[in-house]
Structures are given as C-alpha cells and as structure tokens.
Enquirer: 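Can you read through this structure? Questions will come right after.
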Amino acid sequence: MPYKKGKRVKRRTHKISIEDEKELVDAPKSLVFCKGKVGKEVNQLMTEWRQAMMPFTAQKLKVVKRDKVKDVSELAKHFGCSTVHVFSCSPGGTHFRVLRAPNGPSMTFRVESFKLRADILKERGKSFLVSDTQSFSKPPLVVFNQLNTGANHHELIMTTFKSMFPRIHVDTFKLSHCHRVMLINYQKAHDAIEIRHYGVLARTAGVSAAAKKLARNILPKRMGNLDSVEDLFGKGGDYLSDTDGEGEEVELPQNFRKHSSGSHTRLKLTEIGPRLTLKLCKVESGFWAGETIYHSHFTKTPEEQADTAKRVKMRERLKQMRKSEQDANVAAKKAAVEEKKAKKEEDRKRKREELLRKQRGEESDDGEFEVVGEDVPEYAEGAHDGEEEGLNGAPAKKRKVTFGGAEDADADADADAAGEDANGGDAGYDEDDMGDVEDYTAPKKRTKKPLSRQRRKQLKDWKRAENAVDEA
C-alpha cells in the first residue's frame, strides 16, 4: 500500500463485480504443499506449480511436520478446496499426489523428470517476462493430447485434471483472459504423462523487427548495409526479424492486450515452466487411503480384489466402532464430572445452612446448639467442653452446652470427686496460681500430614500386589 504525506493511501477501492464474485465462488480451488523432507529443487518445483495453479490456490500455505492427513482434509474443507497436490521424496524417488477432496480418489505419480523455469530459460537462451498482474490473474487453458485411449485410469486422469481448472463457456469466454496454456500430453511409448506450461505472446504481423525498434526509439543494427529505406521497411528487411517468422498469423475476433479486434497478429507459445514427466503408480478410492483401484506393478484377480474390498470395509467398521466407544467414554466422563460438581455444590450449600443455623442458635441435627452472646453459669449441670467464666472480670466467651440426662450428671460428679487433691482440698484454682492460669494456652492439635500422590499410588500398587499374591 503506497504512502502519501506519511500516511497509507488505499488504491484498491473498487468493488468486485457480481460476475467475478460468482466465478470466485464456483471456481475449483487447490492446495499445493510438500510433505516430509524435500530438497531445494523439489521445494522450488512446488512453488512454481503453485504459480501455474494461480489464481485459485493458496499462495502462502505452510504445512508443519506434525500435520496429519486429517488436518489436511479439514484444511481443504475449511477453504473449500476441491483438489490437494502433495510433493514428497523417498529413497525410491520423487512422488506427486493428486487428491480429490473430501472423499477421493487419490492418484500417486512418480516424477520421472522435471525442469524448473530457470533451466528452461537457460536452455532456450531467451527470457520471457511474465507479469503477475496479467498472466497469473486468470487460470490457464488446459489442452489434452492422446489421452483418449479408452483405459479406465486414463479417463480418471483426464477427469481429475479437468476438475482442477474452471470450465470454459464458449459464448461468454473473453480472449483477454487467455494468458497461459497448460498442455497435458500422453506418451504411449513410455507410458508417461508430460505436463508443459506455456505463456501466450502476441506480435503484430507484417512489420519487420527494424520498424518495431524504430517505433520504440531504438536504432536497429546493420543499417549501413542497406541501399534504401525500402529495404528497411519492405521485404528486404525480413532478415532483421527473429520473431516474425515464428507463430501463427490470425485475425483477432476480440481485443487482446494491446491489439485491437480485426488486426492481424502472430500468436506464439513460449514455455515458462515448470515441465513435468509423470508416471501413474497407484489409484486409491479414498482420500489418501482406501481400496487400491489401479496399480502399475501388481495385478489382482477378482477374488483378490473382493478380499481387499472386504478388508477395507472391516477396517472402516472397526474404526467407526472405536470412535463410537471413545465418544461414549468421553460422555460418561463428562457426566461423572458434572455429577461430582453437583454433589460438591450440594455439600457446600448444606454446610452453609448448618453454619447459619448455629449462628442463630437453632438446634442442629445431632441434638446440640450454640449459645452466642450469653453467659452460661460456671457450674451448670451437665455442661461439657465449656469454657469457665473469665478471670479478673474478663468477658465470657462462646460456650458449647449440651443438656444431657442423669447419666451425664453422674459422670460429672465422678469427675469432680476425682479432682480433689491429697490434702482434701478442692482441685479448682487457688489464689496463688492465678497468674499461671492467665498465661496458660492450650496446646495446638497435631495435624496429620497428607500423603503425596506418588505415595498413595505406591500404597495402592502394593495393596494390589498383596491381593494378587494372596489369590495365588
């Protein structure tokens, strides 16, 4: 986005037309990525194949190592992609997989050879600059050659590659959208499929190279060898041309780039790469899995094919059973957690109600109640666990009083009789011991340290081992 006076300025403020929006929704989309460890050349091949599949492909897709087939399927479903293209390397060579989402089939090709764009330009000796805004703004035209052999796997290949690109309607097709061509050729001698990617060049016909250079304010070379101006613009100037003799001269029915309709133009295909030579190895019925429909190295009898289909169905059935069992276990665990939470909440509510009842002085379930803010007599009959009245005028504290029967009164009398000292005196407080009583504090109760989780597990294992030994 450009800047103006230090601020970003929007340039793309136009709205997408209804036709373009409909084309964007209906067009088949694709994902292209590498799986596993690949070299630099294979990674560059993947990048150039993405450019060939533009504009309906994910240009900045990144797939990490931990991603699985299920993740790729969910990703394709999220973006609405119809095909997934995967490059991978193994000790046996480089492989190229074309997967139809979401239910297959899946085709695995062995890459016999490939050439990148830089190798093609170096081999030809001339460069063809491809503009991203024009040449890659529209999908390429797909041309099939010699694939109508009648074989089932060839028909499947043709159908799959047709589904990668949007359909062409002859009545509404615009010539200005034709910038690239993809040729898919079948080599019967080698039983291989060759894919080539071309760019479309357009040159004005009937004009020499010297005139074209003069129109661009460039002086042509070897003008000193000419006798007259006619040799420059006439037929004698054809020897200065290196491109007019190539291509096919046609009359344009529509405007094409800078050429108006009705003008005579020479069209030429220039290879821009990549170039692939593929050999079909295997076709599977599912998405990256399923029954093997075709294999180039093995041939199965009808009985073996039926046995394979049966095993695949059993495997799928077992997978569904395990998934349903896992879902049931997860639901049971969630129900147990919810039940435990409800029980805790119920216990918390009950304890809160008991605490409120005790604070109000109401009778609890065990026959006891608390007296808050009142002084209980020092020698109340049947008092247990009560605190004596404060010494030296200290205020009385909260006391827990239980009113029992005759048995409790007899037990209190025995306790008082046992509290007498050897001199026949009372076992109560003496005036000489008043200071010691005031400084007396009750010892803290020792709390048992809870066992750690590891220790509890060890004890549980030991108990289980003991039970096993006893049973043996």
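The first residue of the sequence shown is numbered 1, and numbering continues consecutively from there.
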Enquirer: Shortest non-hydrogen contact from P55 to S137?
Expert: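 Nearest heavy atoms, P55 then S137: CG-O, 3.5 Å.
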
Enquirer: Apply the salt bridge (charged side-chain N to carboxylate O under 4.0 Å, His left out) test between R350 and each candidate in E354, E346, E353; give the one that qualifies.
Expert: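 Output: one option passes, namely E354.
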
Enquirer: Determine whether a donor-acceptor pair (N or O, by modelled atom type, separation under 3.5 Å) exists between the side chain of T57 and the backbone of M53.
Expert: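 Checking the backbone N and O of M53 against the side chain of T57, no donor-acceptor pair under 3.5 Å is found.
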
Enquirer: L201 versus L269: any side-chain heavy-atom pair under 4.5 Å?
Expert: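 No; the side chains remain at least 4.5 Å from each other.
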
Enquirer: Verify the distance criterion only: is there a donor paired with an acceptor across the side chains of K300 and T308 at less than 3.5 Å?
Expert: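 Side chains of K300 and T308: pair found under 3.5 Å.
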
Enquirer: Hey, does K162 have a side-chain heavy atom less than 4.5 Å from the side chain of V142?
Expert: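 The answer is no, as the side chains (C-beta and beyond) never meet within the 4.5 Å cut-off.
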
Enquirer: Got a donor-acceptor contact below 3.5 angstrom from the S88 side chain to the K35 backbone?
Expert: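 Side chain of S88 to backbone of K35, a donor-acceptor pair under 3.5 Å: no, none is there.
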
Enquirer: Take the angle between the ring planes of W49 and F87 and call it parallel below 30°, perpendicular above 60°, tilted in between.
Expert: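 Geometry flag for F87 against W49: perpendicular rings.
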
Enquirer: Ring centres of Y186 and H154 under 6.0 Å apart?
Expert: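 Yes, ring centres under 6.0 Å apart.
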
Enquirer: Could you check whether atom CD of E41 has more than 12 heavy atoms from other residues, nucleotides or ligands sitting under 6.0 Å from it?
Expert: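 Counting other residues, nucleotides and ligands, CD of E41 stays at 12 neighbours or fewer.
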
Enquirer: Keeping R50 on the side-chain end and Q59 on the backbone end, is there a donor-acceptor pair under 3.5 Å?
Expert: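 Flag set: sc R50 to bb Q59 pair under 3.5 Å.
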
Enquirer: Mind checking whether R110 and L278 have side chains closer than 4.5 Å, heavy atoms only?
Expert: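 They are not in side-chain contact.
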
Enquirer: Taking the side chain as C-beta and beyond, is there a heavy-atom pair between V69 and V72 under 4.5 Å?
Expert: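 V69 vs V72: side chains apart.
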
Enquirer: With no hydrogens and no angle check, is any side-chain donor or acceptor of T94 less than 3.5 Å from a backbone partner on S90?
Expert: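 Such a contact is absent between T94 side chain and S90 backbone.
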
Enquirer: Hey, does the side chain of N329 reach the backbone of E325 with a donor-acceptor pair shorter than 3.5 angstrom?
Expert: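 At least one qualifying donor-acceptor pair exists.
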
Enquirer: Quick one: do M107 and Y294 satisfy side chain to side chain contact (heavy atoms under 4.5 Å, CB included)? Show the steps, please.
Expert: CA-CA 9 Å; M107 295 188 296; Y294 168 81; over 6 Å; no

Enquirer: Quick one: pull up CZ in R352 and NZ in K349 and give me the separation to the nearest 0.5 Å.
Expert: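 Rounded to the nearest 0.5 Å, the CZ-NZ separation comes out at 8.5 Å.
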
Enquirer: Hey, could you give me the CZ/OG distance between F109 and S296, rounded to the nearest 0.5 Å?
Expert: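 Output value for this atom pair is 11.0 Å.
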
Enquirer: Do L147 and F161 touch side chain to side chain, with heavy atoms closer than 4.5 Å?
Expert: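 No, too far: nothing below the 4.5 Å cut-off.
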
Enquirer: Does the pair R311/D307 count as a salt bridge with the N-to-O cut at 4.0 Å?
Expert: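 Yes.
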
Enquirer: So that I can tick it off, tell me whether K340 and E338 are bridged by a salt bridge, with the cut-off set at under 4.0 angstrom between side-chain N and carboxylate O.
Expert: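 No.
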
Enquirer: Between S261 and Q254, is there a donor-acceptor pair closer than 3.5 Å when you use the side chain of the first and the backbone of the second?
Expert: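 Between the backbone of Q254 and the side chain of S261 there is no qualifying donor-acceptor contact (under 3.5 Å).
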
Enquirer: Is the closest side-chain donor-acceptor distance between H197 and R180 under 3.5 Å?
Expert: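 Checked: H197/R180 side chains pair up, N/O donor to acceptor below 3.5 Å.
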
Enquirer: Among side-chain atoms of T160 and R100, is any donor-acceptor pair under 3.5 angstrom?
Expert: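 T160 vs R100: no donor-acceptor pair found between side chains.
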
Enquirer: What pair of heavy atoms forms the shortest contact from P105 to V283, and how long is it?
Expert: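 Closest pair (atom of P105, atom of V283, distance): CB-CG1, 4.5 Å.
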
Enquirer: For G92, does its backbone N or O pair with a side-chain atom of H95 as donor and acceptor, under 3.5 Å?
Expert: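 A pair under 3.5 Å: no.
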
Enquirer: I want to check something: taking the side chain as every heavy atom from C-beta on, are L183 and Y198 in contact at a cut-off of under 4.5 Å?
Expert: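 They are in side-chain contact.
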
Enquirer: One pair to check against salt bridge (Lys or Arg N to Asp or Glu O under 4.0 Å): K310 and E291. What are the steps and the verdict?
Expert: CA-CA 9 Å; K310 185 178 179 180; E291 180 186 356; over 6 Å; no

Enquirer: With side chains defined as the heavy atoms from C-beta onward, is the minimum distance between L276 and L45 less than 4.5 Å?
Expert: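 Side-chain contact under 4.5 Å: yes.
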
Enquirer: What's the separation between atom OG1 in T292 and atom CD in E284, rounded to the nearest 0.5 Å?
Expert: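 It is 5.5 Å, given to the nearest 0.5 Å.
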
Enquirer: Would you name the heavy atoms of P28 and S82 that are closest together and state the gap between them?
Expert: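 Scanning both residues completely, I find the closest heavy atoms to be CB-OG, 3.4 Å.
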
Enquirer: Taking it one step at a time, do F287 and V84 satisfy side chain to side chain contact (heavy atoms under 4.5 Å, CB included)?
Expert: CA-CA 10 Å; F287 186 83; V84 178; 4.2 Å; yes

Enquirer: If you take the centroid of each ring, where Trp contributes its six-membered ring, are F298 and H295 closer together than 6.0 Å?
Expert: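 They qualify: ring centres under 6.0 Å apart.
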
Enquirer: Output yes when a side-chain donor or acceptor of T108 lies under 3.5 Å from a complementary backbone atom of R97, and no otherwise.
Expert: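 Side chain of T108 to backbone of R97, a donor-acceptor pair under 3.5 Å: no, none is there.
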
Enquirer: Does the pair R317 and Q320 meet the rule for a side chain to side chain contact (heavy atoms under 4.5 Å, CB included), with working shown?
Expert: CA-CA 5 Å; R317 178 60 180 170; Q320 293 177 2; 3.9 Å; yes

Enquirer: Between R117 and E271, does any NZ, NE, NH1 or NH2 come within less than 4.0 Å of an OD or OE carboxylate oxygen?
Expert: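 Answer for the salt bridge query: no.
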
Enquirer: Tell me, yes or no, whether the heavy-atom count around N152 atom CG, taken from other residues, nucleotides or ligands under 6.0 Å, exceeds 12.
Expert: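 Atom CG in N152 is not packed in, count stays at 12 or less.
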
Enquirer: Report the C-alpha distance between E194 and R196 in whole Å, list the side-chain angles of each, state the deciding distance to 0.1 Å, and finish with yes or no for salt bridge (Lys or Arg N to Asp or Glu O under 4.0 Å).
Expert: CA-CA 7 Å; E194 187 178 16; R196 291 197 174 192; 3.1 Å; yes

Enquirer: Could you state the interatomic distance from CG (L99) to SG (C81), rounded to the nearest 0.5 Å?
Expert: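 The SG atom of C81 is 12.0 Å from CG of L99, to the nearest 0.5 Å.
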
Enquirer: Which heavy atom in N255 sits nearest to a heavy atom in L175, and how many Å separate them?
Expert: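 Nearest pair, atom of N255 first, then L175: O-CB, 4.4 Å.
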
Enquirer: Between Q44 and M46, is there a side-chain heavy-atom distance shorter than 4.5 Å?
Expert: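 Not touching, per the 4.5 Å side-chain cut-off.
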
Enquirer: Atom CD in E112, atom NZ in K279: separation rounded to 0.5 Å?
Expert: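 One gets 6.0 Å once the value is rounded to the nearest 0.5 Å.
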
Enquirer: For L280 and I157: C-alpha separation, side-chain torsions, deciding distance, then whether side chain to side chain contact (heavy atoms under 4.5 Å, CB included) applies.
Expert: CA-CA 9 Å; L280 183 62; I157 291 173; 3.8 Å; yes

Enquirer: How long is the gap from CD on E74 to CG on D67, to the nearest 0.5 Å?
Expert: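 Here the rounded value is 12.0 Å.
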
Enquirer: Compare every heavy atom of A202 with every heavy atom of L267, then report the nearest pair and how far apart it is.
Expert: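 Minimum heavy-atom separation between L267 and A202: CD2-CB, 3.8 Å.
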
Enquirer: Is the backbone N or O of K188 less than 3.5 Å from a side-chain atom of D191, with the two atoms forming a donor-acceptor pair by type?
Expert: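 Flag not set: sc D191 to bb K188 has no pair under 3.5 Å.
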
